[in-house]
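To keep things clear, I will list the structure first and then write my remarks on it.
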Amino acid sequence: MGSSVEQNILVTGGAGFIGTHTVVQLLKEGFKVSIIDNLDNSVIEAVDRVRELVGPDLSKKLEFNLGDLRNKGDIEKLFAKQRFDAVIHFAGLKAVGESVGNPRRYFDNNLVGTINLYETMAKYNCKKMVFSSSATVYGQPEKIPCMEDFELKAMNPYGRTKLFLEEIARDIQKAEPEWRIVLLRYFNPVGAHESGRIGEDPKGIPNNLMPYIQQVAVGRQPELNVYGHDYPTKDGSAVRDYIHVMDLADGHIAALKKLFADPEIGCIAYNLGTGRGTSVLEMVAAFEKASGKKIPIKLCGRRSGDATAVYASTERAEKELGWKAKYGVEEMCRDQWNWANNNPWGYQKKL
Ligand code: NAD
Ligand code: WQD
């Protein structure tokens, strides 16, 4: 940071996919980091690997706390013993299909957890927050690229938690203008740290495209179902804006620096994407090239609720955060494969 005082950041959900990658970058940038995670969708091994990646000296600046945001006492304990300069809030449940079947679990975890966090932050006068939002708040966009000032709508309970939490953030900041809140709308995070030591490790059968392709490549799934081949796109399959998780991690550093530097920031949303659309079939081809593995596919009907094509306008983040994605699909697939090839069963040692 170049600042003489070391800034102390609370990272909720820091043991998860995007959290671990961001924590590595935060430590390398000179921040002190405390993670709070209930390990609902992650394992402590991931945090151990973060320590291994940053080395013993930087590791001393990382603290892990097992805790659940739904228990206010778990958050309170952390704030009572140290001062945080800002919070990066990743913790949340994110499986769209599960949220349709069990919306109460999503509202309880994502909404109650976040409200508890705001309450405790306010009590300890820590009023700077970077929040994990999602391109899901654009619903099925009528126009692309998606711009931050588009009308927002949600298609499922998970999406509604993100939409509500954005509205809650705007209301809190409006009522108490000293809050500075950055809402980062991630597009489709993929890839892994270039070391191949940390990456995405979903429990059960993956819902998302890249983790599924990865499991086909290592023989854990026989073939990939391609959902939809009659979309009005270049090859009939749906188009998304895939973004390398290390670019996302750097986007959080840029957002944090902006929060500290700009007292007038208020509550503002930024898209984190590459601004480029890639189809499912193009992604399969890129992964085959990076891995040298054949990915057998089965063309299937469309998945309900899916949009035809979604990609970001990256103008605002470029102009105001000075951040731009560095990596393309080739590097995303290279690093995803490196992670998969070195850890075919994720963080599990063996089956
Ligand atoms: P992840 O599941 O890997 O990480 C989330 C972490 O939060 C997990 O380690 C989990 O154990 C923890 N957690 C969940 N509920 C908690 C609670 N109540 N208390 C404490 N810890 C809790 O997910 P991720 O992919 O790293 O996503 C991080 C954030 O980004 C989420 O809020 C997600 O909704 C959002 N997001 C993700 C994507 C994506 O495709 N990965 C896209 C857009 C937005
Ligand atoms: C991408 C494309 C699928 C799996 C989701 C959430 C969104 C955000 C990111 C959190 C689609 C196709 C997928 C498969 C396939 N998450 N596909 N076969 O749906 O763009 O976004 O993750 O905020 O909220 O909805 O991502 O990876 O699931 O799908 O053909 O086995 O791949 O139909 O066209 P999506 P995805």
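Values below: all heavy atoms of this structure, side chains included; hydrogens, waters and symmetry mates excluded. Each ligand, and each atom within it, is numbered from 1 in the order the structure gives.
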(request) Could you check which of Phe131, Phe90, Tyr186 puts a non-hydrogen atom nearest to atom 28 (C) of ligand 1? (result) Phe90

(message) Closer than 4.0 Å to some heavy atom of Asn188 - which atoms of ligand 2 meet that?
(response) 20 (O), 21 (O), 26 (O), 35 (P)

(message) Students should be able to answer this: which protein heavy-atom is nearest to atom 22 (C) of ligand 1, and at what distance?
(response) Asn38 OD1, 3.2 Å

(request) Could you tell me whether Ala135 approaches ligand 1 through its side chain, its backbone, both or neither, with non-hydrogen atoms closer than 4.0 Å? (result) neither

(request) Could you say whether the N/O atoms of Asn41 and ligand 1 ever approach to under 3.5 Å? (result) yes

(request) Enumerate the atoms of ligand 2 whose separation from the nearest heavy atom of Tyr158 is less than 4.0 angstrom. (result) 10 (C), 23 (O), 24 (O)

(request) Find all atoms of ligand 2 within a distance of less than 4.0 Å from any non-hydrogen atom belonging to Ser134, and give their numbers and elements. (result) 8 (C), 10 (C), 23 (O), 24 (O)

(message) Could you check whether any heavy atom of Tyr242 sits closer than 4.0 Å to an atom of ligand 2, since that is the contact criterion I want to use?
(response) yes

(request) Specify the protein heavy atom at minimum distance from atom 29 (O) of ligand 2: its residue, its atom name, and the distance to 0.1 Å. (result) Arg303 NH2, 3.4 Å

(message) Heavy-atom pairs closer than 4.0 Å: do any link ligand 2 to the side chain of Arg240, the backbone, both, or neither?
(response) side chain

(request) For ligand 1, find out whether one of its N or O atoms is nearer than 3.5 Å to an N or O atom of Tyr158. (result) yes

(request) Check Asn225 against ligand 2 and report side chain, backbone, both or neither, counting heavy atoms closer than 4.0 Å. (result) backbone

(message) Using side-chain heavy atoms (C-beta onward) and a distance below 4.5 Å, is Thr314 in contact with Asn271?
(response) no

(request) Test Tyr270 against every option in Glu320, Arg185, Arg316, Lys258 by the side chain to side chain donor-acceptor pair (under 3.5 Å) rule and name the one that passes. (result) Glu320

(message) I'd like to check whether Ser42 has a polar contact with ligand 1, where a contact means an N/O of the residue lying under 3.5 Å from an N/O of the ligand.
(response) yes

(request) Considering the heavy atoms of Val280, write down every atom of ligand 2 situated less than 4.0 Å from one of them. (result) 2 (C), 12 (C), 30 (O), 32 (O), 34 (O)

(request) Identify, by atom number and element, the atoms of ligand 2 in contact range of Val226, meaning under 4.0 Å from any of its heavy atoms. (result) 30 (O)

(message) Can you confirm, on distance only, whether ligand 1 has an N/O atom lying under 3.5 Å from any N/O atom belonging to Asp37?
(response) yes

(message) Under the salt bridge (charged side-chain N to carboxylate O under 4.0 Å, His left out) definition, can you give me all pairs with a residue in residues 152-164, not counting sequence neighbours?
(response) none

(message) Would you say that Gln140 contacts Met155 through its side chain, given a criterion of any heavy-atom pair below 4.5 Å between the two side chains?
(response) yes

(request) Would you mind running through ligand 2 and noting each atom that sits below 4.0 Å from a heavy atom of Val96? (result) 6 (C), 25 (O)

(message) Under a 4.0 angstrom heavy-atom cut-off, which atoms of ligand 2 come close to Thr136?
(response) 24 (O)

(request) Measure the distance from atom 36 (P) of ligand 2 to every protein heavy atom, then report the residue, atom name and distance (to 0.1 Å) of the closest one. (result) Asn208 ND2, 3.5 Å

(message) Quick check: do Arg220 and Trp345 have side-chain heavy atoms less than 4.5 Å from each other?
(response) yes

(message) Within the structure provided, determine whether Val47 and Leu62 are in side-chain contact (heavy-atom separation under 4.5 Å).
(response) yes

